[in-house]
Protein chains: 4
Amino acid sequence: MEAAEELFAEKGFNGTSVRDIAEKAQVNLAMISYYFGSKDKLLETLFEYRGELSKSKLVSIIEKPNLTSLEKVNLLIDNYIDKVFNQQCFYKIFTREQVLTQTGHIAELILQMKKNNQENISRLIQEGQKKGEFKKNIDTALMMHTIVGTANHLITTKHHYRELNNLQSLSEEALLKLIRKKLATHLKFIIKAILTHEV
Amino acid sequence: MEAAEELFAEKGFNGTSVRDIAEKAQVNLAMISYYFGSKDKLLETLFEYRGELSKSKLVSIIEKPNLTSLEKVNLLIDNYIDKVFNQQCFYKIFTREQVLTQTGHIAELILQMKKNNQENISRLIQEGQKKGEFKKNIDTALMMHTIVGTANHLITTKHHYRELNNLQSLSEEALLKLIRKKLATHLKFIIKAILTHEV
Amino acid sequence: MEAAEELFAEKGFNGTSVRDIAEKAQVNLAMISYYFGSKDKLLETLFEYRGELSKSKLVSIIEKPNLTSLEKVNLLIDNYIDKVFNQQCFYKIFTREQVLTQTGHIAELILQMKKNNQENISRLIQEGQKKGEFKKNIDTALMMHTIVGTANHLITTKHHYRELNNLQSLSEEALLKLIRKKLATHLKFIIKAILTHEV
Amino acid sequence: MEAAEELFAEKGFNGTSVRDIAEKAQVNLAMISYYFGSKDKLLETLFEYRGELSKSKLVSIIEKPNLTSLEKVNLLIDNYIDKVFNQQCFYKIFTREQVLTQTGHIAELILQMKKNNQENISRLIQEGQKKGEFKKNIDTALMMHTIVGTANHLITTKHHYRELNNLQSLSEEALLKLIRKKLATHLKFIIKAILTHEV
DNA sequence: AATGAATGAGAATTCATTCAT
DNA sequence: TATGAATGAATTCTCATTCAT
């Protein structure tokens, strides 16, 4: 599944053959159908696995005591950035396949995950509004699109970022560290503006 | 090429067969190899064609007289949103394939286009900073990632947006109109914050 | 299709690979899917083709003027034996696959063909009964089962017939000629008994 | 082996996978190769088992005292119909595979069985001829082909019989009972004609 | 210029069988 | 004795491309 994840990220689901995966994973070709049932099912399993991992964290942050709502939002941003950077491969796949797969099990999985996230975050925003920390009339959906869109776009085109900003000398690791820090600051600034600045 | 664009957007480059394209375009199968050389070349041609269209507009906006820098930036945002919404298919392809195609002619094309855009916008930002309209220390690259990332993410997942915000009753057209307006306001707000708010 | 017919007869539908057919027919492997769509469709096409051929003959015999009903029945027997012996391959396939394929297009085709045949022959029997040539209470269906069953069984197990009756010295051709003649006499005798002998 | 028999009858030998059999028999997949050696050996074992069962009955009937030869023949017919109806699955397999398997152990088994049967029945016919019950010049082989061919054809296409004779309302059981009775009468009539009627 | 026919390469999957345990 | 896991071979089918016309 790891091999598949990397290859799907690199060459796309349709661009990756089961042969490639078998070779990369050093397993017999037939094993993949044997274990996962089919290539499609393999992708499903991957989505389920990664989806499972990311569920509970969100709630635990939102329910943390002794934090302002803004601090919680910032934690959420950090958490999302962590996930995206630690699971770059999956997020590349996710970003790409959510566009293609508009029906079927995976589509439902994605939608459910998103619905869940949006509800939780909406609650947090409302909490902040009640406490007077956040302004009225916040478009939560668009705000989330900005967080997710910016982070995904940055991570999926980090090779362009490197070129365009003359960072060819940096190691991959150093580059990631740099982007990560900048992105966190950037998103927190934006979200704070959205949540608190009156126009 | 139109047929190809729609299909690539819908099913991905690798998920679309030359047969599908020929059928959709009501054209002989062999014609596609005959005219474009190959399926890859067809994608290249598509990128060149769409890239061509979008070049000059940027400069013309930046060089418009009698506008504040912020007004220009807002025009740029409107312009980008227009492009994304009018060429949804292409932007879906673009978003997806820029991740896959990291070498080759298309990759160079994309990089050149981005380099060009970033330079022009950097100039605009500097102009605004000189005029005192914008604050110092603006991360142009990240700002652009937010514009592009948010817009692309929204347009490529508009079916999710519809579901999550209970807009199933809206026609496709009405939905697009709604998102478009919200997105413009949202991005302009964010960018203004980035460009002018001191922390 | 000829190659397929021979191989299906020899090794069964499931026992024959598309590869075998391609090799025997000296055509490219992909051609078979290209022309027929799939292996299943190939079988369908074969059934349609052979079915087409055998339709009209039946009616033309039944409607022949100046013949007694018994003479017509005898002609039908000769005609059926001709078909079975001239299209041994197809009849082997038919005999085998009609058991397996109980649903789908082919099943419908077969049923329709049989229905058609039984109706026509029933009419002929009734004609003979009206004319007083045939006795009452004839089980047309079973009679047909005897004709078809005996002929098919003989042709599909002719290699056993050869062994069991010590005809190893005969050429294939001579064997067929012999069986054919015996079978015709045999069936005509039986059918005459069924149609005319009172018990 | 029971599971295999049913599946072979339903889907053909080649159309049945060892997996199917294991599942139906609620047995571990590897067990089948383990016990029977291979799928082919399983079929062989099935043929041996069913062949074994049917040997002795024939002789015991033929050697029954105090019966006319015709009565013995009628008993044989009843006996064969019994076997076919009680072992429908096996006879479907038999009918199909005797065409395919023209060499190998099974082929020899079949041939031996048939040889044995034909010899015994020939003796019975000769006995009848000596006693003056039967006429001269009887083609025993063809007669047997009619018995076997008619019975097999009827049982393997009983679903067609049902449709063509508008017996859809009958239960499977009732249908079988009906066919069985008709078939017995039918065959006995035919065989009597063959054995006793001079032309 | 345009195309119907053809093809080699490669796709995913299923198969009967084996083997370590 | 029995079995879960594994595998090499073979399956059907689709693909992008070519080529004679």
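Throughout, protein chains are lettered first and strands after them, A, B, ... in sequence-line order, and every chain is numbered starting at 1. Computed over heavy atoms, backbone and side chain alike; hydrogens, waters and symmetry mates excluded.
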To the nearest angstrom, how far is C/Lys41 atom NZ from F/dT14 atom C1'? 15 Å
Would A/Lys41 and A/Tyr35 count as a cation-pi pair here, with the cationic atom under 6.0 angstrom from the ring centre and within 45° of the axis? no
Who is the Watson-Crick or G-U wobble partner of F/dT3, with both distances under 3.5 Å? E/dA20
Please indicate whether D/Glu172 has more than 12 foreign heavy atoms, meaning atoms of other residues, nucleotides or ligands, lying under 6.0 Å from its CD. yes
With a 3.5 angstrom cut-off on both distances, give the Watson-Crick or G-U wobble partner of E/dA1, or none if there isn't one. none
Any N/O donor-acceptor pair, C/Tyr34 side-chain to E/dA5 base, under 3.5 Å: yes
To the nearest angstrom, the CG-C1' distance between C/Asn14 and F/dA10 comes to 14 Å
Do the numbers put C/Lys83 on top of the ring of C/Tyr91, so that NZ or CZ is under 6.0 Å from the six-membered ring centre and no more than 45° off the axis? no
Centre of C/Phe8's six-membered ring, under 6.0 Å away, within 45 degrees of the axis: is that where NZ or CZ of C/Lys92 sits? no
Which part of the nucleic acid, if any, lies within contact of D/Tyr35, taking any heavy atom under 4.0 Å across all strands shown: a base, the sugar-phosphate backbone alone, or nothing? sugar-phosphate
Can you measure B/Met31 atom CE to F/dC19 atom P for me and round it to whole angstrom units? 19 Å
Comparing C/Lys39 and A/Ala30 on DNA chain F - which has the more 5′ nearest nucleotide: A/Ala30
To the nearest angstrom, the CG-C1' distance between D/Asn28 and E/dA16 comes to 14 Å
Would you kindly give the CD1-to-P distance between B/Ile32 and E/dA2, to the nearest whole Å? 13 Å
Check every strand shown and say whether D/Ser33 touches a base, only sugar-phosphate, or nothing at a heavy-atom separation below 4.0 Å. base
Closest-nucleotide 5' rank along DNA chain E - winner of D/Leu29 and B/Arg19: B/Arg19
Rounded to the nearest angstrom, tell me the gap between atom CZ in D/Phe36 and atom C1' in E/dT18. 18 Å
5'-most by nearest nucleotide on DNA chain F - D/Val27 or C/Thr16: D/Val27
Once you round it to whole Å, what is the distance between P of E/dT13 and CD1 of A/Ile21? 10 Å
Please say whether more than 12 non-hydrogen atoms of neighbouring residues, nucleotides or ligands are located less than 6.0 Å from CD in D/Glu163. yes
Atom pair distance, as rounded to whole Å: CG in A/Leu7 and P in E/dA11: 12 Å
DNA chain E nearest-nucleotide lookup for D/Phe13 and A/Val18: closer to the 5′ end is A/Val18
Only pairs with both distances under 3.5 Å count, Watson-Crick or wobble alike; so what is the partner of E/dA9 in this structure? F/dT14
